[in-house]
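Below is one structure, written out as structure tokens; the observations come after it.
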Amino acid sequence: EIGAVSGRSQRSVQIELGRSDAMANLFEPVQVSMKSGAISRAHALVIVDAGLRIVHPNPAELARRREEFCRVVLEKAASTTPGRIKAIAERAAEELTEESLDERFERARRARRVTLTQLDDGLGELTIIDSYAKLRLVFDRTTRQARVISDAERRAARDANAAGETNERADSDRDADAPEAGAGDPEGQLGGSELPEPRSLDEVRADVLGDSFLRATPEDLKGRDPIK
């Protein structure tokens, strides 16, 4: 209902409610500081996001570490921008959590997902959450393939334009020598069709990625271990 009224996706509303609940129940000092005006809402959100990384099997110890986290970060938050306090908060959470980086990564991987959002004018937005290293490779490979296609399209357009200009000059020379030569094509419509305007790199990248997805079949992927 909130998503329908506010025009946001269900996922974004769930994230917002989760943050609010965490701020009120797990990081109360952050909420107090925000209400007093000591820090902004942007400060509070990045602090809570970082603090949620702190885990410990003992609930009492976990609460103590979260309290210590709030104390350390809030001391610097009032005089620091949200962008800078994010790095400070992440470093403090790293020092206070019980999990190793590898353990946190394996836990975070359980949140891998693909979501689809409908946009205006018949478009949509496909969002993939997965390993950054894997998605970086996907993006780089897609970009390299798109550049090859985009460069070929632009070369073809340049060649077509150059050929058209050459033909126009030749026609002009013929018309000067024999005005009646162009009488059969007064509008110049027999010179061939123009090539469409080359797509932007972003357009080609989207087409390459979509085509790659649509060509793969479950049989192609069956039995393969996921790329990490």
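Positions are given from 1, in the same order as the sequence printed here. Only heavy atoms go into these numbers, but all of them, side chains included; no hydrogens, no water, no symmetry mates.
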- Partners meeting side-chain hydrogen bond (donor to acceptor under 3.5 Å, both in side chains) with R205 (sequence neighbours left out): T143, D202

- Query: With sequence neighbours excluded, what pairs up with E67 under the side-chain hydrogen bond (donor to acceptor under 3.5 Å, both in side chains) test?
  - Reply: none

- Of the non-hydrogen atoms in A111 and I129, which two are nearest, and what is the gap between them? O-CG2, 4.2 Å

- Residue pair A93 / A50: nearest heavy atoms and the distance that separates them: CB-O, 3.3 Å

- Item | Selection residues 35-51 - residue pairs positive for side chain to side chain donor-acceptor pair (under 3.5 Å), sequence neighbours left out | E16-R41, R19-D49, S40-H43

How does the hydrophobic cluster around [X] look, that is, which other residues are in it when side-chain heavy atoms under 4.5 Å mark a link?
X	result
I54	M23, L26, F27, V30, M34, I39, L45, V46, I47, V48, L52, L62, F69, V73, L74, I85, I88, L96
V138	V114, L116, L126, I128, L135, L209, F213
I149	V204, V208
L123	L119

- Query: Checking side chain to side chain contact (heavy atoms under 4.5 Å, CB included) against H56, which of R66, R64, R65 comes through?
  - Reply: R65

Kindly write out the residues that satisfy salt bridge (Lys or Arg N to Asp or Glu O under 4.0 Å) with [X], not counting sequence neighbours, or none if the list is empty.
X	result
R199	E153, D207
R71	E68, E75
R113	none

Interatomic spacing from [atom1] in [X] to [atom2] in [Y] - rounded to 0.5 Å:
X	Y	atom1	atom2	result
S212	Q145	OG	CD	5.5 Å
Y132	F139	OH	CZ	9.5 Å
D130	K134	CG	NZ	3.5 Å

Is the backbone N or O of [Y] less than 3.5 Å from a side-chain atom of [X], with the two atoms forming a donor-acceptor pair by type?
X	Y	result
T97	V55	yes
S150	A146	no
E28	N25	no

- Assess whether salt bridge (charged side-chain N to carboxylate O under 4.0 Å, His left out) is satisfied between D151 and R155, documenting all intermediate values. CA-CA 6 Å; D151 290 346; R155 281 196 302 271; 5.0 Å; no

- Message: Quick test of your reading: applying salt bridge (charged side-chain N to carboxylate O under 4.0 Å, His left out), list the pairs with at least one residue in residues 85-95, sequence neighbours left out, ordered by first then second residue.
- Response: R53-E90, E94-R104

- According to the salt bridge (charged side-chain N to carboxylate O under 4.0 Å, His left out) rule, which pairs have a member within residues 137-149, sequence neighbours left out? R136-D140

